[in-house]
Amino acid sequence: MKLGLLYSRIRTGEKLLLTELRDRGHEVVKLDVRRTTFGVDDGAAASVETSGASTTETTGKGAAESTGETTDGSSGGTDDGTTDTLSTGDAAATLSDCDLVLDRCLATSRSLYTTQFAAAYDLPVVNTPDTARVCADKVETSLALSAAGVPTPETRVAFDTDSALDAVESLGYPCVLKPVVGSWGRLLAKLEGRAAAEAVLEHKSTLGHYEHDVFYVQEFVEKPGRDLRVLVLGEEPVAAMARSGDHWVTNAKRGAETSAFELDDRAATLASEAATAVGGGLLGVDLMETGDGYTVHEVNHTVEFEALAEATDVDVAATVVDWLEAQATAEDGDAETDTEVTATV
Amino acid sequence: MTEADCVECGATLTLHDDYEIGEIVDCTTCGVELEVLDTEPPVLDEAPELAEDWGE
């Protein structure tokens with residue numbers, strides 16, 4: 001498999017995936033989206049001649065054993081046959097013959113656009129732009145979950161501080177104010193009373209970016225000191241962990257303790273349904289226990305899994321790469337079928 | 001083992017064998033995050049600051 005990796009930062013998760021991909025002999029095209037351009041007219045890029053500068057970076061047993069680099073786009077390699085290509089030029093040309101593109105961009109804005117470009121270049125991309133769009137915006141996620149009948153915390157959205165205060169008062173205290181785009185538990189506000197609500201709403205309205213004038217207000221769920229993260233591949237839950245802490249935000253990035261969690265049938269079903277609701281893919285579904293069931297409060301489309309890999313016995317990187325291989329094979333099969341149909345017609 | 005200098009404090013870092021372009025390494029002396037811009041030889045620079053839309 002030749003896999004295009006959209007990235008801007010090689011984190012532990014990306015490193016785990018890269019190691020697994022290389023160990024299996026797959027070719028990886030690393031595309032640093034900060035150093036690449038994406039042409040809007042490159043949709044027919046399958047036949048575009050390679051014009052972007054690229055270098056090969058030998059990998060596998062380590063850069064210390066590298067045998068050198070080429071700058072003419074020709075293939076370099078290592079003793080074990082694995083080769084990475086680093087693109088510094090034109091995205092369409094560089095990715096044109098990839099079997100699959102994997103979005104691991106750290107920045108949501110880049111993720112949203114680059115997946116659209118990959119799709120426009122007729123490349124299979126994980127996750128799809130539609131899934132990325134729905135997951136990247138909490139309003140879109142909530143609408144998708146609600147439409148699919150997936151239990152999710154009661155949520156109201158307002159576009160003005162006065163109406164936002166009405167939303168807060170209708171939900172009652174405490175309630176939670178969240179940015180519609182954001183992660184790692186940043187800028188969440190638990191509103192304990194009207195004075196705090198007024199202050200936070202005023203602060204948000206003066207922050208400057210229009211997204212802070214989209215007020216996403218959610219009921220506060222009394223969870224048992226933890227929430228759950230479920231890694232879903234396609235629509236199948238493959239690993240889960242509990243994230244526990246004294247703080248009401250139990251995010252691994254905020255220092256929550258993590259431990260393996262055995263999904264019961266209900267939680268597994270909900271995780272699957274939530275993934276389906278946002279379009280499926282490589283996803284991290286977050287649930288909270290409500291005492292008599294679960295509620296899904298978030299679905300992440302560039303899911304990080306280093307904490308999950310440490311907390312569970314599941315070989316997460318291997319499981320993900322298994323799934324990526326299956327996606328590439330499925331796409332290849334679809335392409336062959338399309339060709340046959342075209343030929344018949 | 002490959003060594004490189006921290007661009008912030010000048011301390012010598014020891015990079016693990018499979019370091020690669022795009023990877024983030026921490027300077028154990030000053031704590032700054034550094035991004036690997038190139039290999040053979042290693043080129044490091046300060047990693048970008050956290051942006052509002054970073055995350056999952």
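Using a distance-only test at 3.5 Å, with no hydrogens or angles considered, a donor-acceptor pair links the side chain of A:T206 to the main chain of A:H203.
For a residue to count as touching a neighbouring chain, one of its non-hydrogen atoms must lie under 4.5 Å from one of that chain's; by this rule B:P42 does not touch chain A. The contact between B:E23 and chain A is made by backbone and side chain atoms together, counting heavy-atom distances below 4.5 Å. Only the side chain of A:K15 comes within contact range of chain B, with heavy atoms under 4.5 Å apart.
Interface summary for chain B: among A:R34, A:E298, A:H301, the most heavy-atom pairs under 4.5 angstrom belong to A:R34. Chosen from B:P48, B:G22, B:A47, B:A51, the residue pairing most often with chain A at heavy-atom distances under 4.5 Å is B:G22.
With respect to the salt-bridge test (charged N to carboxylate O, under 4.0 angstrom), the residues A:R11 and A:E306 do not qualify.
Residues satisfying the salt bridge (Lys or Arg N to Asp or Glu O under 4.0 Å) test with A:R186, not counting sequence neighbours, are none.
B:D18 CG to A:T19 OG1: the interatomic distance, rounded to the nearest 0.5 Å, is 6.0 Å.
At a threshold of 4.5 Å between non-hydrogen side-chain atoms, the residues B:V25 and B:Y19 do not count as touching.
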